Number of protein chains: 2
Amino acid sequence: MSGQKRSATRADVARLAGVSASTVTYALTGERSISDETRKRIMDAMAELDYTPNAMAQGLAGRRSGLIALSFPVGERGFESSDFEYVQAATDVLSRAGYQLLMWPNPIEDLDSLRRIVSQGLIDGVVLMEVRREDPRIPVLQSTRTPFVLIGRTDNESDCDWVDADFGQWGPMAIEHLAEEGHEHIAVIGLTEDMFTAGYGPVVRTEQNLVSAAKKAGVTLDIERVRPNIRAGKEAMETMLAGANPPTALIGFNQPAVIGAIEAIVSHGLSIPADFSLLQLGISPEAAETTFPAQTSIGVDGALLASTAARFLADSLAGASTGSEPRHFLGDAVFTDRGSTGPVPRK
Amino acid sequence: MSGQKRSATRADVARLAGVSASTVTYALTGERSISDETRKRIMDAMAELDYTPNAMAQGLAGRRSGLIALSFPVGERGFESSDFEYVQAATDVLSRAGYQLLMWPNPIEDLDSLRRIVSQGLIDGVVLMEVRREDPRIPVLQSTRTPFVLIGRTDNESDCDWVDADFGQWGPMAIEHLAEEGHEHIAVIGLTEDMFTAGYGPVVRTEQNLVSAAKKAGVTLDIERVRPNIRAGKEAMETMLAGANPPTALIGFNQPAVIGAIEAIVSHGLSIPADFSLLQLGISPEAAETTFPAQTSIGVDGALLASTAARFLADSLAGASTGSEPRHFLGDAVFTDRGSTGPVPRK
DNA sequence: CTGTTAGCGCATTCAG
DNA sequence: CTGAATGCGCTAACAG
């Protein structure tokens with residue numbers, strides 16, 4: 001056993017370097033100038049003792065924990081690989097700014113736990129994911145004066161910092177792409193009304209934009225809203241294909257349902273993209289390439305969104321007190337052609 | 001502005017309740033007995049002041065942060081919904097034991113960061129996921145005397161606490177199931193050699209068991225090892241089906257590749273399970289039901305694994321000093337019939 | 001059953 | 001350019 005019982009403290013370093021304790025701190029933070037001579041002695045001492053500052057003590061004394069919570073409620077939707085893109089990007093930016101990310105997977109409704117953790121002084125700021133149109137977490141954070149940023153938007157948009165996809169671009173982009181290829185009758189498979197009333201922002205906005213873009217382009221839309229599962233999507237698609245005037249393309253905003261829809265399309269004797277076109281909204285690259293065929297999609301760069309959010313938060317933590325204007329960021333729509341759309345087939 | 005600048009401290013509570021500061025602590029921890037009278041006064045005072053103990057100060061004084069890191073390196077494999085099952089289960093158990101989970105997504109090789117975070121005194125223990133046969137994180141944790149538990153195993157099994165799937169059951173169970181249905185020639189699509197040499201434990205163990213079980217059952221195996229992507233799986237399956245004596249069933253241990261394999265099977269004019277049987281190993285329920293058809297599978301209860309690991313860690317944190325025997329747990333194989341296997345077709 | 005006293009390791013005044 | 005003193009909010013002996 002060669003173990004040192006207790007790890008070295010700042011006092012140990014100071015002693016070994018022959019300086020005072022506070023000088024060690026300043027050598028570390030650079031808050032005031034130090035002679036090269038002294039700095040070197042301190043650095044050497046730190047290296048020799050394998051010194052690492054104690055985070056708790058830093059937090060207590062400096063009223064800054066270096067921890068950021070990522071509120072990542074996992075509801076019906078579950079976890080997708082795309083979600084990790086967000087986590088990863090946020091982690092990168094924040095760690096560069098000296099913060100660690102604390103994942104907080106509790107449900108949105110668990111406000112007591114949220115209140116507790118932010119009151120504990122353990123957390124400097126919060127990134128909120130899966131934001132609802134009226135999000136109960138926000139008042140909690142505001143009342144405890146905890147800095148935060150949203151990935152997503154509430155109905156009251158101007159109220160705080162947020163980043164979000166520019167859903168306004170999705171509908172027009174999707175409709176235009178398909179209209180250009182000659183499609184005049186397009187199926188849409190979205191999410192159920194539940195998601196509407198639960199206030200799931202993207203769903204509402206996107207569908208609205210789709211409708212208005214279709215009107216402008218003179219395209220007929222056949223909208224079905226179903227639960228996010230394969231069977232529901234399959235049934236919805238079968239119904240649409242069995243109609244008198246079946247659609248020649250599908251716009252999906254519901255990945256599990258679209259998997260079922262693909263099955264329905266293929267069973268119907270149609271092949272993609274020769275006979276039928278498929279365009280999926282808001283899907284991650286990973287998920288889009290997990291199906292057969294892979295899905296052409298319109299979405300947002302999640303990493304860009306998350307890293308921007310992280311930057312907003314880091315900035316407002318740096319600027320501490322000042323209540324400058326809220327900052328917003330809209331991520332451009334990204335079109336990725338994976339070959340699942342094509343010109344409308346001749347009869 | 002009605003904001004209290006600074007949140008209430010233990011001293012404030014003590015003053016308002018008319019007791020000494022330490023009494024407040026003991027009322028909270030129950031470390032020594034207190035008259036009901038006094039306890040009530042303290043509780044009332046805490047409620048009135050909306051008091052929450054400061055986590056940093058608790059950590060500094062009590063040398064216990066209440067934070068557990070979950071080392072969750074995200075490599076080539078990415079993030080799957082099943083992974084969240086682990087996170088969720090671990091979080092539940094640990095929060096009941098008074099801990100928060102800090103997600104640590106850094107790559108396995110990022111040992112400097114790991115060393116730093118555990119030396120900071122910010123973390124009481126670590127749960128390691130994606131454990132390699134020789135995992136470099138382990139020496140780091142041992143040298144810093146940080147309690148930890150593995151989800152997975154190293155080659156040196158007796159060395160520390162771990163939980164893992166009982167892979168020994170998978171091979172026999174898979175072979176027996178298919179053999180009973182009359183299959184005599186079975187394809188296997190596993191992962192590439194890279195994963196072998198990278199020391200990805202499950203891959204190695206499972207394939208070995210598959211081979212020995214097949215020998216015992218008198219079944220012929222046709223093993224292909226491919227990268228985890230759709231195209232590779234499709235090509236591998238096409239090759240096998242084009243052979244002189246094509247297999248009648250597939251055992252997969254590579255989800256993306258199996259998606260491609262399914263496509264190859266269907267294109268070949270075979271339908272599942274009437275003409276061809278499919279059995280997937282080690283896949284999450286979510287992923288198994290994301291394909292068409294859904295996949296019958298053999299795997300492990302991830303939530304059980306993770307919660308057991310969490311319990312191991314919580315226990316060893318409670319029993320602090322004592323170095324009792326390492327604890328191990330093997331999760332039973334779980335067979336889930338999703339209808340993708342059936343009797344071998346008559347010629 | 002309760003109060004008093006030291007620290008935990010560091011940031012930050014205040015003095016040179 | 002550097003040192004000394006104070007306190008962050010709490011736990012854990014030590015005293016009754």
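Throughout, a chain's letter reflects where its sequence line sits, starting with A, and its residues are numbered from 1. The figures that follow rest on heavy atoms only: side chains count, while hydrogens, waters and symmetry mates do not. This one's a predicted model, so the numbers in the text were calculated from it and none came from an experiment.
- At the phosphate of dG3(C), OP1 or OP2 sits under 4.0 Å from a side-chain N or O atom of T23(B).
- I34(B) has its CD1 atom 12 Å from the C1' atom of dG3(C), to the nearest Å.
- Counting heavy atoms from C-beta on, the side chains of L114(B) and S71(B) never come closer than 4.5 Å.
- Here the nucleotide nearest the side chain of S35(B), chosen from dG9(C), dT2(C), dA13(D), is dT2(C).
- In terms of position on DNA chain C, the residue among S33(B) and G62(B) whose nearest nucleotide sits closer to the 5' end is S33(B).
- Closest contact between the side chain of S20(A) and the listed nucleotides dG3(C), dG3(D), dT12(C) involves dG3(D).
- Listed pair T25(B) / dC10(D) fails the phosphate criterion, with no side-chain N or O lying under 4.0 Å from OP1 or OP2.
- With hydrogens and angles ignored, no donor-acceptor pair closer than 3.5 Å exists between the side chain of Y26(A) and the base of dA11(C).
- Listed nucleotides dC10(D), dA4(D), dT2(C) differ in distance to N54(B); the shortest reach to its side chain belongs to dC10(D).
- Between L150(B) and D135(B), every side-chain heavy-atom pair lies at or beyond the 4.5 Å cut-off.
- As judged by a 4.0 angstrom heavy-atom cut-off over every strand, V19(B) is placed among residues touching the sugar-phosphate backbone only.
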Nucleotide N/O to protein N/O under 3.5 Å, stretch nucleotides 5-7 of chain C:
none

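- Nearest nucleotide to the Y51(A) side chain, out of dC10(C), dG3(D), dA11(C): dC10(C).
- Proximity of Q58(A) to the phosphate of dA11(C): a side-chain N or O atom is located under 4.0 Å from OP1 or OP2.
- Each end of the helix from dC1(C)-dG16(D) to dG16(C)-dC1(D) gets its own axis, taken as the rotation carrying the C1' atoms of four end pairs onto the next four within a five-pair window, and the two axes meet at 40° to the nearest 10 degrees.
- With rounding to whole Å, L28(B) atom CG is found 16 Å from dG9(D) atom P.
- Among all heavy-atom pairs drawn from S65(B) and G121(B), the shortest one is CB-O, 4.3 Å.
- Under the ring pair (Phe, Tyr, Trp, His ring centres under 6.0 Å) criterion, W162(A) pairs with H328(A), sequence neighbours left out.
- Within 4.0 Å (heavy atoms only), T29(B) reaches no atom of the nucleic acid at all.
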